[in-house]
2 protein chains.
Amino acid sequence: MKIGELARNAQCTVETVRYYEKAGLLAEPARTEGNFRVYGAEHLERLRLIRNCRALDMSHEEIHALLRLAQAPDDDCGAVNAVFDQHIAHVDTRLRELTQLKIQLSSLRQRCNSGNAVDACGILQGLAAMEIEQQPGRHTHLG
Amino acid sequence: MKIGELARNAQCTVETVRYYEKAGLLAEPARTEGNFRVYGAEHLERLRLIRNCRALDMSHEEIHALLRLAQAPDDDCGAVNAVFDQHIAHVDTRLRELTQLKIQLSSLRQRCNSGNAVDACGILQGLAAMEIEQQPGRHTHLG
DNA sequence: ACACAAGCTGAAGCTACTATAGAGTCAAGG
DNA sequence: CCTTGACTCTATAGTAGCTTCAGCTTGTGT
(Lines give C-alpha, C1' and ligand atoms only; values in the text may rest on other atoms or scores of the structure.)
Protein backbone atom coordinates (compact mmCIF):
# COMPACT_ATOMS: atom_id res chain seq x y z
CA MET A 1 0.00 0.00 0.00
CA LYS A 2 1.39 3.44 -0.91
CA ILE A 3 0.90 6.53 1.18
CA GLY A 4 -2.14 7.81 -0.72
CA GLU A 5 -4.08 4.60 -0.24
CA LEU A 6 -3.10 4.43 3.42
CA ALA A 7 -4.29 7.98 3.95
CA ARG A 8 -7.62 7.29 2.23
CA ASN A 9 -8.15 4.21 4.37
CA ALA A 10 -7.49 6.16 7.54
CA GLN A 11 -9.45 9.25 6.56
CA CYS A 12 -6.55 11.64 6.70
CA THR A 13 -4.22 13.41 4.31
CA VAL A 14 -0.93 12.21 2.94
CA GLU A 15 0.77 15.14 4.64
CA THR A 16 -0.61 14.11 8.00
CA VAL A 17 0.81 10.61 7.56
CA ARG A 18 4.25 11.97 6.79
CA TYR A 19 3.90 14.31 9.75
CA TYR A 20 3.10 11.43 12.12
CA GLU A 21 6.16 9.62 10.90
CA LYS A 22 8.37 12.60 11.61
CA ALA A 23 6.64 13.03 14.98
CA GLY A 24 7.52 9.47 15.91
CA LEU A 25 3.94 8.20 16.15
CA LEU A 26 4.07 6.03 13.07
CA ALA A 27 6.99 3.72 12.30
CA GLU A 28 9.05 4.43 9.19
CA PRO A 29 7.92 2.01 6.49
CA ALA A 30 9.98 0.23 3.88
CA ARG A 31 10.64 1.99 0.57
CA THR A 32 10.34 0.98 -3.04
CA GLU A 33 13.26 1.20 -5.37
CA GLY A 34 11.95 4.59 -6.42
CA ASN A 35 11.90 5.77 -2.79
CA PHE A 36 8.13 5.55 -2.26
CA ARG A 37 6.87 4.50 1.18
CA VAL A 38 5.23 1.06 1.31
CA TYR A 39 2.84 0.26 4.14
CA GLY A 40 1.34 -2.95 5.48
CA ALA A 41 -1.81 -3.77 7.42
CA GLU A 42 -0.05 -3.15 10.73
CA HIS A 43 0.67 0.44 9.70
CA LEU A 44 -2.94 0.99 8.83
CA GLU A 45 -4.12 -0.39 12.16
CA ARG A 46 -1.69 1.81 14.03
CA LEU A 47 -2.69 4.86 12.02
CA ARG A 48 -6.35 4.19 12.64
CA LEU A 49 -5.66 3.99 16.35
CA ILE A 50 -3.82 7.30 16.22
CA ARG A 51 -6.61 8.97 14.27
CA ASN A 52 -9.20 7.68 16.69
CA CYS A 53 -7.24 9.01 19.62
CA ARG A 54 -7.03 12.37 17.85
CA ALA A 55 -10.75 12.28 17.18
CA LEU A 56 -11.06 11.95 20.95
CA ASP A 57 -8.84 15.02 21.30
CA MET A 58 -5.93 13.23 22.88
CA SER A 59 -2.58 14.98 22.61
CA HIS A 60 0.36 13.43 20.81
CA GLU A 61 1.96 12.95 24.19
CA GLU A 62 -1.01 10.95 25.46
CA ILE A 63 -1.10 8.90 22.28
CA HIS A 64 2.61 8.27 22.53
CA ALA A 65 2.12 6.98 26.06
CA LEU A 66 -0.65 4.64 24.92
CA LEU A 67 1.43 3.33 22.04
CA ARG A 68 4.38 2.62 24.31
CA LEU A 69 2.11 0.72 26.68
CA ALA A 70 0.57 -1.22 23.83
CA GLN A 71 3.98 -2.52 22.84
CA ALA A 72 4.22 -4.72 25.91
CA PRO A 73 1.10 -6.81 25.34
CA ASP A 74 1.53 -8.97 28.44
CA ASP A 75 1.68 -6.14 30.94
CA ASP A 76 -1.29 -5.22 33.05
CA CYS A 77 -3.40 -2.62 31.34
CA GLY A 78 -3.85 -0.49 34.44
CA ALA A 79 -1.50 2.12 33.01
CA VAL A 80 -3.60 2.30 29.85
CA ASN A 81 -6.64 2.98 31.96
CA ALA A 82 -4.75 5.68 33.82
CA VAL A 83 -3.85 7.54 30.62
CA PHE A 84 -7.43 7.27 29.55
CA ASP A 85 -8.84 8.46 32.87
CA GLN A 86 -6.54 11.43 32.80
CA HIS A 87 -7.76 12.36 29.37
CA ILE A 88 -11.38 12.11 30.47
CA ALA A 89 -10.47 14.47 33.28
CA HIS A 90 -9.08 16.93 30.72
CA VAL A 91 -12.30 16.85 28.77
CA ASP A 92 -14.31 17.31 31.95
CA THR A 93 -12.28 20.32 32.98
CA ARG A 94 -12.69 21.94 29.61
CA LEU A 95 -16.42 21.25 29.65
CA ARG A 96 -16.74 23.00 32.99
CA GLU A 97 -14.71 25.96 31.74
CA LEU A 98 -16.81 26.35 28.63
CA THR A 99 -20.03 26.07 30.58
CA GLN A 100 -18.88 28.86 32.87
CA LEU A 101 -17.88 30.88 29.83
CA LYS A 102 -21.27 30.49 28.28
CA ILE A 103 -22.94 31.81 31.40
CA GLN A 104 -20.76 34.90 31.27
CA LEU A 105 -21.36 35.41 27.58
CA SER A 106 -25.09 35.03 27.90
CA SER A 107 -25.30 37.51 30.72
CA LEU A 108 -23.25 39.98 28.71
CA ARG A 109 -25.41 39.41 25.69
CA GLN A 110 -28.56 40.31 27.58
CA ARG A 111 -27.19 43.78 28.22
CA CYS A 112 -27.86 44.88 24.68
CA ASN A 113 -30.59 44.27 22.18
CA SER A 114 -29.14 46.14 19.25
CA GLY A 115 -30.50 49.37 17.86
CA ASN A 116 -28.30 51.36 20.20
CA ALA A 117 -25.46 53.56 19.12
CA VAL A 118 -22.15 51.75 19.57
CA ASP A 119 -21.37 54.26 22.29
CA ALA A 120 -24.25 52.99 24.36
CA CYS A 121 -23.88 49.30 23.57
CA GLY A 122 -24.18 47.28 26.75
CA ILE A 123 -21.92 44.56 25.41
CA LEU A 124 -18.98 46.82 24.68
CA GLN A 125 -19.47 48.59 27.99
CA GLY A 126 -19.53 45.26 29.75
CA LEU A 127 -16.41 44.09 27.95
CA ALA A 128 -14.53 47.23 28.94
CA ALA A 129 -15.66 47.14 32.56
CA MET A 130 -15.44 43.43 33.39
CA GLU A 131 -12.95 42.58 36.05
CA ILE A 132 -10.41 40.21 34.65
CA GLU A 133 -10.45 36.87 36.42
CA GLN A 134 -7.04 35.38 36.53
CA GLN A 135 -7.10 31.91 35.10
CA PRO A 136 -5.29 29.31 37.19
CA GLY A 137 -3.09 28.39 34.24
CA ARG A 138 -3.54 25.62 31.73
CA HIS A 139 -4.66 22.35 33.21
CA THR A 140 -5.58 20.71 29.95
CA HIS A 141 -4.20 20.76 26.44
CA LEU A 142 -7.70 21.32 25.11
CA GLY A 143 -8.08 24.85 23.85
CA MET B 1 2.71 54.76 32.53
CA LYS B 2 5.47 52.43 31.33
CA ILE B 3 4.86 48.96 29.95
CA GLY B 4 5.42 47.12 33.24
CA GLU B 5 2.80 49.16 35.06
CA LEU B 6 0.35 48.80 32.18
CA ALA B 7 0.82 45.06 32.17
CA ARG B 8 0.29 44.82 35.94
CA ASN B 9 -2.89 46.88 35.67
CA ALA B 10 -4.25 44.64 32.94
CA GLN B 11 -3.17 41.35 34.49
CA CYS B 12 -0.92 40.28 31.69
CA THR B 13 2.76 40.12 30.91
CA VAL B 14 4.94 42.76 29.32
CA GLU B 15 5.62 40.38 26.45
CA THR B 16 1.92 40.01 25.76
CA VAL B 17 1.51 43.79 25.54
CA ARG B 18 4.32 44.06 23.00
CA TYR B 19 2.81 41.13 21.14
CA TYR B 20 -0.59 42.84 20.90
CA GLU B 21 1.09 45.93 19.53
CA LYS B 22 2.80 43.93 16.81
CA ALA B 23 -0.46 42.08 16.12
CA GLY B 24 -2.22 45.41 15.55
CA LEU B 25 -4.63 45.10 18.47
CA LEU B 26 -3.06 47.81 20.58
CA ALA B 27 -2.00 51.18 19.14
CA GLU B 28 1.69 52.06 19.20
CA PRO B 29 2.24 54.44 22.10
CA ALA B 30 4.56 57.44 22.31
CA ARG B 31 8.15 56.86 23.38
CA THR B 32 10.39 58.53 25.92
CA GLU B 33 13.71 59.99 24.92
CA GLY B 34 15.27 56.72 25.98
CA ASN B 35 12.90 54.76 23.67
CA PHE B 36 10.60 53.41 26.39
CA ARG B 37 6.90 53.05 25.57
CA VAL B 38 4.61 55.49 27.43
CA TYR B 39 0.93 54.64 27.81
CA GLY B 40 -2.13 56.64 28.81
CA ALA B 41 -5.49 55.71 30.32
CA GLU B 42 -6.95 55.01 26.89
CA HIS B 43 -4.36 52.33 26.25
CA LEU B 44 -5.20 50.66 29.53
CA GLU B 45 -8.91 50.68 28.77
CA ARG B 46 -8.30 49.18 25.35
CA LEU B 47 -5.96 46.54 26.74
CA ARG B 48 -8.48 45.59 29.43
CA LEU B 49 -11.12 45.15 26.74
CA ILE B 50 -8.79 42.92 24.75
CA ARG B 51 -7.91 40.83 27.79
CA ASN B 52 -11.58 40.43 28.68
CA CYS B 53 -12.36 39.29 25.17
CA ARG B 54 -9.53 36.76 25.42
CA ALA B 55 -10.82 35.59 28.79
CA LEU B 56 -14.03 34.87 26.88
CA ASP B 57 -11.98 32.90 24.34
CA MET B 58 -12.54 35.23 21.44
CA SER B 59 -10.00 35.00 18.64
CA HIS B 60 -7.83 37.93 17.64
CA GLU B 61 -9.88 38.18 14.49
CA GLU B 62 -13.10 38.54 16.45
CA ILE B 63 -11.51 41.09 18.76
CA HIS B 64 -10.18 43.00 15.79
CA ALA B 65 -13.69 43.14 14.35
CA LEU B 66 -15.08 44.44 17.62
CA LEU B 67 -12.41 47.09 17.90
CA ARG B 68 -13.03 48.31 14.38
CA LEU B 69 -16.73 48.59 15.12
CA ALA B 70 -16.06 50.39 18.37
CA GLN B 71 -14.18 53.10 16.48
CA ALA B 72 -17.36 54.47 14.94
CA PRO B 73 -19.24 55.27 18.15
CA ASP B 74 -22.33 56.66 16.42
CA ASP B 75 -23.07 53.60 14.32
CA ASP B 76 -25.75 51.15 15.25
CA CYS B 77 -24.37 48.41 17.44
CA GLY B 78 -26.14 45.63 15.57
CA ALA B 79 -22.84 44.52 14.06
CA VAL B 80 -21.30 44.29 17.52
CA ASN B 81 -24.13 42.04 18.59
CA ALA B 82 -23.58 39.92 15.51
CA VAL B 83 -19.90 39.35 16.31
CA PHE B 84 -20.88 38.46 19.82
CA ASP B 85 -23.65 36.10 18.77
CA GLN B 86 -21.27 34.36 16.43
CA HIS B 87 -18.82 33.85 19.24
CA ILE B 88 -21.53 32.43 21.47
CA ALA B 89 -22.33 30.04 18.63
CA HIS B 90 -18.67 28.96 18.56
CA VAL B 91 -18.75 28.19 22.27
CA ASP B 92 -22.03 26.33 21.87
CA THR B 93 -20.66 24.22 19.05
CA ARG B 94 -17.58 23.32 21.02
CA LEU B 95 -19.69 22.46 24.06
CA ARG B 96 -21.77 20.08 22.00
CA GLU B 97 -18.65 18.50 20.51
CA LEU B 98 -17.06 17.95 23.88
CA THR B 99 -20.25 16.55 25.33
CA GLN B 100 -20.42 14.05 22.49
CA LEU B 101 -16.76 13.27 23.04
CA LYS B 102 -17.31 12.56 26.69
CA ILE B 103 -20.07 10.10 25.89
CA GLN B 104 -17.73 8.24 23.55
CA LEU B 105 -14.90 8.29 26.05
CA SER B 106 -17.09 7.05 28.88
CA SER B 107 -18.48 4.21 26.85
CA LEU B 108 -14.97 3.22 25.82
CA ARG B 109 -13.79 3.46 29.41
CA GLN B 110 -16.45 1.00 30.56
CA ARG B 111 -15.01 -1.66 28.34
CA CYS B 112 -12.09 -2.26 30.65
CA ASN B 113 -11.67 -2.34 34.37
CA SER B 114 -7.94 -2.90 34.52
CA GLY B 115 -6.28 -6.07 35.65
CA ASN B 116 -6.32 -7.41 32.10
CA ALA B 117 -3.27 -7.98 30.01
CA VAL B 118 -2.75 -5.10 27.59
CA ASP B 119 -3.56 -7.57 24.83
CA ALA B 120 -7.06 -7.99 26.15
CA CYS B 121 -7.67 -4.38 27.17
CA GLY B 122 -11.10 -3.28 26.01
CA ILE B 123 -10.01 0.31 25.66
CA LEU B 124 -7.15 -0.38 23.28
CA GLN B 125 -9.33 -2.78 21.33
CA GLY B 126 -12.01 -0.16 21.09
CA LEU B 127 -9.54 2.49 19.99
CA ALA B 128 -8.22 0.27 17.24
CA ALA B 129 -11.65 -0.77 16.02
CA MET B 130 -13.63 2.47 16.25
CA GLU B 131 -14.86 3.76 12.95
CA ILE B 132 -13.47 7.18 12.34
CA GLU B 133 -16.17 9.80 12.10
CA GLN B 134 -15.13 12.44 9.69
CA GLN B 135 -15.28 15.80 11.30
CA PRO B 136 -17.02 18.43 9.20
CA GLY B 137 -13.98 20.65 9.42
CA ARG B 138 -13.26 23.39 11.90
CA HIS B 139 -16.30 25.45 12.68
CA THR B 140 -14.82 27.19 15.68
CA HIS B 141 -11.41 28.41 16.70
CA LEU B 142 -11.91 26.87 20.11
CA GLY B 143 -9.74 23.85 20.60
C1' DA C 1 7.19 10.36 -26.40
C1' DC C 2 4.64 13.06 -23.49
C1' DA C 3 1.15 14.42 -20.17
C1' DC C 4 -0.54 14.00 -15.75
C1' DA C 5 -1.13 11.95 -11.22
C1' DA C 6 1.16 10.82 -7.28
C1' DG C 7 5.23 10.70 -4.65
C1' DC C 8 9.54 12.93 -2.48
C1' DT C 9 12.09 16.60 0.74
C1' DG C 10 12.54 20.72 3.22
C1' DA C 11 10.85 24.95 4.70
C1' DA C 12 7.35 28.27 5.92
C1' DG C 13 2.77 29.44 7.72
C1' DC C 14 -1.07 29.21 11.08
C1' DT C 15 -2.73 30.97 16.57
C1' DA C 16 -1.63 33.28 20.63
C1' DC C 17 1.62 33.56 23.04
C1' DT C 18 6.14 32.50 25.96
C1' DA C 19 11.01 32.46 26.48
C1' DT C 20 15.61 33.67 25.54
C1' DA C 21 19.83 36.49 24.29
C1' DG C 22 22.19 40.53 24.37
C1' DA C 23 21.82 45.09 24.55
C1' DG C 24 20.43 49.87 26.52
C1' DT C 25 18.05 53.13 30.23
C1' DC C 26 17.33 54.97 34.63
C1' DA C 27 16.93 55.82 39.71
C1' DA C 28 19.06 55.07 44.15
C1' DG C 29 22.98 54.19 47.23
C1' DG C 30 27.87 54.59 48.43
C1' DC D 1 31.06 59.87 39.96
C1' DC D 2 30.27 55.12 39.82
C1' DT D 3 28.05 50.96 40.48
C1' DT D 4 24.19 48.00 41.20
C1' DG D 5 19.83 46.31 40.04
C1' DA D 6 15.33 46.83 38.12
C1' DC D 7 13.36 47.74 34.10
C1' DT D 8 13.15 48.24 29.12
C1' DC D 9 14.49 47.52 24.20
C1' DT D 10 14.81 44.45 19.68
C1' DA D 11 15.05 40.26 17.38
C1' DT D 12 14.68 35.41 17.23
C1' DA D 13 13.06 30.76 18.30
C1' DG D 14 9.93 27.67 20.45
C1' DT D 15 5.12 25.55 21.53
C1' DA D 16 0.93 21.89 19.08
C1' DG D 17 -0.73 19.81 15.23
C1' DC D 18 -0.97 20.17 11.41
C1' DT D 19 -1.40 22.64 6.30
C1' DT D 20 0.59 24.63 2.36
C1' DC D 21 4.10 25.49 -0.84
C1' DA D 22 8.15 25.14 -4.00
C1' DG D 23 10.71 22.37 -6.79
C1' DC D 24 11.86 18.04 -7.92
C1' DT D 25 11.38 12.67 -9.19
C1' DT D 26 8.65 8.49 -10.20
C1' DG D 27 5.07 5.89 -12.18
C1' DT D 28 1.09 5.21 -15.40
C1' DG D 29 -1.73 5.58 -19.52
C1' DT D 30 -2.15 6.63 -24.43
Side-chain angles (χ1 to χ4, degrees), chain A residues 1-26 28-39 43 47 50-65 67 87 90 94 132 134-135 137-143, chain B residues 1-26 28-39 43 47 50-65 67 87 90 94 132 134-135 137-143:
Chain A
M1 190 173 14
K2 277 188 290 182
I3 196 168
E5 201 185 335
L6 180 77
R8 266 191 305 283
N9 284 331
Q11 313 253 43
C12 68
T13 69
V14 169
E15 288 78 17
T16 301
V17 175
R18 284 196 284 248
Y19 172 71
Y20 287 159
E21 181 183 321
K22 217 161 46 176
L25 289 178
L26 199 58
E28 294 187 24
R31 301 279 184 136
T32 65
E33 218 175 302
N35 200 32
F36 286 12
R37 291 170 178 82
V38 200
Y39 296 96
H43 289 100
L47 179 55
I50 295 171
R51 290 306 289 171
N52 281 331
C53 287
R54 288 293 303 134
L56 297 172
D57 262 352
M58 292 189 196
S59 69
H60 280 190
E61 205 182 329
E62 286 171 322
I63 297 172
H64 220 87
L67 292 177
H87 180 59
H90 288 331
R94 186 56 178 157
I132 297 149
Q134 50 251 32
Q135 279 118 298
R138 269 262 161 272
H139 18 240
T140 110
H141 58 270
L142 303 177
Chain B
M1 183 171 24
K2 278 187 289 180
I3 197 169
E5 202 185 335
L6 181 78
R8 265 192 306 283
N9 283 331
Q11 313 253 45
C12 69
T13 69
V14 168
E15 287 79 18
T16 300
V17 175
R18 284 196 283 249
Y19 172 71
Y20 286 160
E21 181 182 320
K22 219 164 43 178
L25 289 178
L26 198 57
E28 294 187 24
R31 301 280 184 135
T32 65
E33 221 175 298
N35 200 32
F36 286 12
R37 290 168 178 83
V38 200
Y39 296 96
H43 289 100
L47 180 55
I50 296 171
R51 290 305 291 172
N52 282 332
C53 288
R54 289 294 302 134
L56 296 173
D57 263 352
M58 291 188 198
S59 69
H60 280 191
E61 205 182 330
E62 287 171 322
I63 298 172
H64 220 86
L67 292 177
H87 180 60
H90 288 332
R94 186 58 178 155
I132 297 149
Q134 49 250 34
Q135 280 118 300
R138 268 262 160 272
H139 17 242
T140 111
H141 58 270
L142 302 177

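Quick note on labels: first sequence line is chain A, next is B, and so on, each numbered from 1.
For dA16(C), the OP1/OP2 oxygens have no side-chain nitrogen or oxygen of Arg51(B) closer than 4.0 Å. Dashed line: the shortest gap from a side-chain N or O of Thr16(B) to OP1 or OP2 of dA16(C) is not under 4.0 Å. For Thr13(A) and dT19(D), the shortest distance from a side-chain N or O to OP1 or OP2 is below 4.0 Å.
Between the side chain of His87(B) and the main chain of Cys53(B), no donor-acceptor pair closer than 3.5 Å is present. Without hydrogens or angle criteria, His43(B) side chain to Val38(B) main chain gives no donor-acceptor distance under 3.5 Å.
Separating the CG atom of Leu56(B) from the C1' atom of dA16(C) is a distance of 16 Å, rounded to the nearest angstrom. For the pair Met1(B) CE and dC7(D) C1', the computed distance is 16 Å after rounding to whole Å. At whole-Å resolution of the value, CZ in Arg31(A) and P in dG27(D) are 13 Å apart. Atom CD of Glu33(B) and atom C1' of dT8(D) are 16 Å apart (whole Å).
His60(A) and Tyr19(A) have tilted rings, their planes meeting at an angle from 30° to 60° on a 0 to 90° scale.
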Practice task
Let me see the working for Val17(A) and Tyr39(A) under side-chain contact (heavy atoms from CB on, under 4.5 Å), right down to the final yes or no.
Solution key: CA-CA 11 Å; Val17(A) 175; Tyr39(A) 296 96; 3.5 Å; yes
Q. Please walk me through it: do Lys2(A) and Glu5(A) pass side-chain contact (heavy atoms from CB on, under 4.5 Å)?
A. CA-CA 6 Å; Lys2(A) 277 188 290 182; Glu5(A) 201 185 335; 5.5 Å; no
Set out, in order, the CA-CA distance, both residues' side-chain angles and the distance that settles side-chain contact (heavy atoms from CB on, under 4.5 Å) for Leu47(A) and Cys12(A), then state yes or no. CA-CA 9 Å; Leu47(A) 179 55; Cys12(A) 68; 4.3 Å; yes
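Listed nucleotides dT20(D), dT9(C), dT18(C) differ in distance to Glu15(A); the shortest reach to its side chain belongs to dT20(D).
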With the criterion being N/O to N/O and under 3.5 Å, what pairs connect the protein with nucleotides 1-6 of chain D, and how long is each?
none

Detail all sub-3.5 Å separations between protein N/O atoms and N/O atoms belonging to nucleotides 3-7 of chain C.
unit_1	atom_1	unit_2	atom_2	d
dG7(C)	OP1	Gly4(A)	N	2.8

What does the list of N/O pairs under 3.5 Å between the protein and nucleotides 15-17 of chain D look like, with a distance for each?
unit_1	atom_1	unit_2	atom_2	d
dG17(D)	OP1	His60(A)	N	3.4
dG17(D)	OP2	His60(A)	N	3.3

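In this structure, CZ in Arg8(A) is found 12.5 Å from OG1 in Thr13(A), a value given to the nearest 0.5 Å. Rounding to the nearest 0.5 angstrom, the gap separating the CG atom in Leu25(A) from the OG1 atom in Thr16(A) is 11.5 Å. A distance of 13.0 Å separates CG in Leu56(A) from NE2 in His90(A), rounded to the nearest 0.5 Å. Interatomic distance, CG of Leu6(B) versus CZ of Arg37(B), reported as 10.5 Å (0.5 Å rounding).
Of all non-hydrogen atoms in Ile3(A) and Arg18(A), the two that sit nearest each other are CD1-CG, 3.5 Å.
No engagement by Lys22(A) is indicated, since no non-hydrogen atom pair under 4.0 Å with the nucleic acid exists.
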